[in-house]
Trainee: 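Following this message is one structure expressed as structure tokens.
Residue numbers start from 1 in every chain, and the chains themselves are labelled A, B, ... in the order their sequence lines are given, proteins ahead of strands.
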Amino acid sequence: MMGAVGLAQALPADQVRIATSPVTEPFWLAAREERLVAAQCGSCGAYRMPPTPFCPECASTSLQWPELSGAATVFSYSVVHGYPGLRDIILVPAVLDLPDAPGARLVSGIVDVAPADIAIGMQAEVFFHPVADGWKIPLFRPAQG
Amino acid sequence: MTRPTADVAIVGVGATQYYRRGASWPRTITQLAGEAVLNACADAGLSVKDIDGFAYYSGASAGYGESFDTGLFMETFGIPEVTFTATLTGGGGGSAGSIGLARAAILAGEATYVVTLMALQQAPKARLGSIFATVPPDPMYSFLQPFGLSGPGQFMSVLARRHMHDYGTRREAFAEIVLSQRENAMNRPTALRREPITLDDYFAARMIAEPLCLFDFCLETDGAIAVITTSAERARDLPQPPVSVLGTAHGATRDWGRGFMWMGMPQPTFASSGHASVAKRLYERAGVTPADIDVALLYDHFSSMVLMQLEDYGFCAKGEGGPFVESGAIRYKGGSIPVNTHGGQLSESYIVGMTHLREAVEQLRGTAVNQVSGAELALVTGGPAPLPVSGLILGRDA
């Protein structure tokens, strides 16, 4: 477990299992290399997350995975008290806008910060956190400076 | 607008007692469901062997726990022939809309007496409130599950926070929904929570997923409710005053889609109940306006979603749900639109939307515990949930 008492934490690595499909796997393979990517239509350039088989704008199945800066803006979030088996944990699941993948939102978590210091509109930056089976998940901290 | 003549009606409603989560065991889910069906048949003056149609939602189960099925009902009730058995897709969002499925079957001549049913039994491993922490890993859930979104309320708290940010909605508004529904439950023998709640109690309650606290979450309960729909013509020959089906609608727009399972909704749909398009279609079909509705039975898995439905169903403008409820508008006593007069899922029992249908029928028969004087039109909703969400307008027999 990460962080001091009262700070937003990540779930313990062994509690988080990732499942992939051929469509979603590139996102997780990139995360394992600590690169944040987003699904972009190879035909019309529209972004979408989570990745789905067809572009909702043009129905293309062509998909590319540009690497993003890792910057995000908090669109909304929750402060969750407890998780099954982890009564005292504080989690901050967040819905994030990605400035370099407009139109796509990412659901992630904000950690290492007191929940009271988080606000909608706050800038955040990605880091990668190991979970079960050798995968890593993107998590976010408040942006520095 | 012109009111269409109703072509189908609800003629029977039946229920089991309501139980706290898990307390219905050792009764099986088929026993619970069967008791509700038999009670609905008795109410309608029918034999269970007259039933020839089933119109479900949520996969003929709560969608997560134990399930039930038409074949088993046929076997245990000795129903001679079933000519229609179908389910709306999705989950609890289809509760009100499943009456539209029943109507479609009846109008198409596919069935005569159609049962809509929900039975819920939450054994320890089938607890809906933490379902997303316990389902096996899945490629789409993997974009949600790792971050603490362990149950539906955790998801919806994110929408509630955005509503507060965009419109200045206060926790006092969510509290008013909780307090008013609790007041409605206090005189009801069927309600599992009858002790009064004060505003101080509300603000002292444990936070589960801020901005939502314990009281903003619905109860965790077991039980079953069934209703029977038939043609308006046949309804006239049955003992109960028919409750006319004036309009049904289900679905959602692309802006909502999978809703809080997607989180990509553009504003203003993000901080909404996803019901706006269904509400518009529903009022058009029924030929009525929000001002005509006498009692609103709004799906209340979480208090914040009652507020957003009040906006999406046009009882107030978008963004004004907070001041609207804080004005006392939804109170049974003195409100302009009494909401969840049965105490709802927050205070009476959570049977995945079916208590709202039961209450609407009682209101329009004039037999409700908290009877709205002269109630002629009731709105019933299903969801907010991933597509479909649904709505239903019922009318007192003309």
Trainee: Please state whether the side chain, the backbone, both or neither of A:Ile18 comes within less than 4.5 Å of a heavy atom of chain B.
Mentor: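 Both parts, heavy atoms under 4.5 Å.
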
Trainee: Do you know which two heavy atoms are closest between A:Ile120 and B:Arg162, and how far apart they sit?
Mentor: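 Residues A:Ile120 and B:Arg162, closest heavy atoms: CG2-NH1, 3.2 Å.
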
Trainee: Using a cut-off of under 4.5 Å on heavy-atom pairs, state which of A:Ser76, A:Gly121, A:Gly109 scores highest against chain B.
Mentor: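 Ranked by heavy-atom pairs under 4.5 Å with chain B, first place is A:Ser76.
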
Trainee: Do A:Val80 and B:Phe147 come close enough that some side-chain heavy atom pair is under 4.5 Å?
Mentor: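 No, too far: nothing below the 4.5 Å cut-off.
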
Trainee: Taking the side chain as C-beta and beyond, is there a heavy-atom pair between B:Pro139 and A:Thr24 under 4.5 Å?
Mentor: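 Yes. Closest side-chain heavy atoms under 4.5 Å.
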
Trainee: Name the option with the most non-hydrogen atom pairs under 4.5 Å to chain B; the candidates are A:Tyr77, A:Tyr83, A:Phe27.
Mentor: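 Among A:Tyr77, A:Tyr83, A:Phe27, the one with the most close pairs to chain B is A:Tyr77.
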
Trainee: For the OG1 atom of A:Thr52 and the CH2 atom of B:Trp262, what is their distance to the nearest 0.5 Å?
Mentor: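 With rounding to 0.5 Å, OG1 (A:Thr52) is 10.0 Å from CH2 (B:Trp262).
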
Trainee: What's the shortest heavy-atom distance between A:Ala19 and B:Ser142, and which atoms?
Mentor: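 So the two residues come closest at N-OG, 2.9 Å.
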
Trainee: Given heavy-atom pairs under 4.5 angstrom as the criterion, report whether the side chain, backbone, both or neither of A:Trp135 touches chain B.
Mentor: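 Neither the backbone nor the side chain of A:Trp135 comes within 4.5 Å of chain B.
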
Trainee: Return the orientation label for the A:Phe75 and B:Phe270 ring planes: parallel under 30°, perpendicular over 60°, tilted otherwise.
Mentor: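 Rings of A:Phe75 and B:Phe270: perpendicular, as their planes differ by over 60°.
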
Trainee: Would you please go through residues 94-107 of chain A and name the residues with a non-hydrogen atom below 4.5 Å from one of chain B, in numerical order?
Mentor: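 Residues in range: A:Val95, A:Arg105, A:Val107.
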
Trainee: I want to check something: taking the side chain as every heavy atom from C-beta on, are B:Met261 and A:Pro50 in contact at a cut-off of under 4.5 Å?
Mentor: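 SC-SC contact between B:Met261 and A:Pro50 ruled out.
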
Trainee: Using non-hydrogen atoms only, which part of B:Pro266 is less than 4.5 Å away from chain A: side chain, backbone, both, or neither?
Mentor: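 The backbone, not the side chain.
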
Trainee: How about residues 54-68 of chain A versus chain B: which residues have heavy atoms under 4.5 Å apart?
Mentor: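 From residues 54-68 of chain A, the residues near chain B are A:Pro56, A:Glu57.
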
Trainee: Does NE2 belonging to B:His275 count more than 12 external heavy atoms closer than 6.0 Å?
Mentor: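 Counting neighbours around NE2 of B:His275, more than 12 heavy atoms of other residues, nucleotides or ligands fall under 6.0 Å, so yes.
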
Trainee: Please check: side-chain N/O of A:Ser78 versus main-chain N/O of B:Glu210, any donor-acceptor pairing under 3.5 Å?
Mentor: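 Side chain of A:Ser78 to backbone of B:Glu210: a pair is present.
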
Trainee: Report which part of A:Ser108 has an atom under 4.5 Å of a heavy atom belonging to chain B: side chain, backbone, both, or neither.
Mentor: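 For A:Ser108, backbone and side chain are both near chain B.
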
Trainee: Is A:Pro51 in contact with chain B via its backbone, its side chain, both, or neither, using a 4.5 Å heavy-atom distance?
Mentor: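 Contact with chain B: backbone and side chain both.
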
Trainee: Within a radius of less than 6.0 Å around NZ of B:Lys318, do more than 12 heavy atoms belonging to other residues, nucleotides or ligands occur?
Mentor: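 Yes - once you tally the heavy atoms of other residues, nucleotides and ligands closer than 6.0 Å, there are more than 12.
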
Trainee: Return the option, out of B:His165, B:Gln154, B:Met140, B:Arg206, with the maximum number of heavy-atom pairs under 4.5 Å with chain A.
Mentor: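 Greatest number of close heavy-atom pairs with chain A: B:His165.
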
Trainee: Does atom CZ (A:Arg32) have a neighbourhood of more than 12 heavy atoms from anything else shown, all under 6.0 Å?
Mentor: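 Check passes, neighbour count above 12.
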
Trainee: For the residue pair A:His81 and B:Ile208, establish whether any side-chain heavy-atom pair is separated by less than 4.5 Å.
Mentor: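 No; the side chains remain at least 4.5 Å from each other.
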
Trainee: Tell me if the CZ atom of B:Arg20 is crowded by more than 12 foreign heavy atoms within 6.0 Å.
Mentor: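 No - once you tally the heavy atoms of other residues, nucleotides and ligands closer than 6.0 Å, there are 12 at most.
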
Trainee: Heavy atoms only, distances under 4.5 angstrom: which of B:Pro211, B:Gly153, B:Gly264 has the most pairs with chain A? Name it, please.
Mentor: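 Winner by heavy-atom pair count: B:Gly264.
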
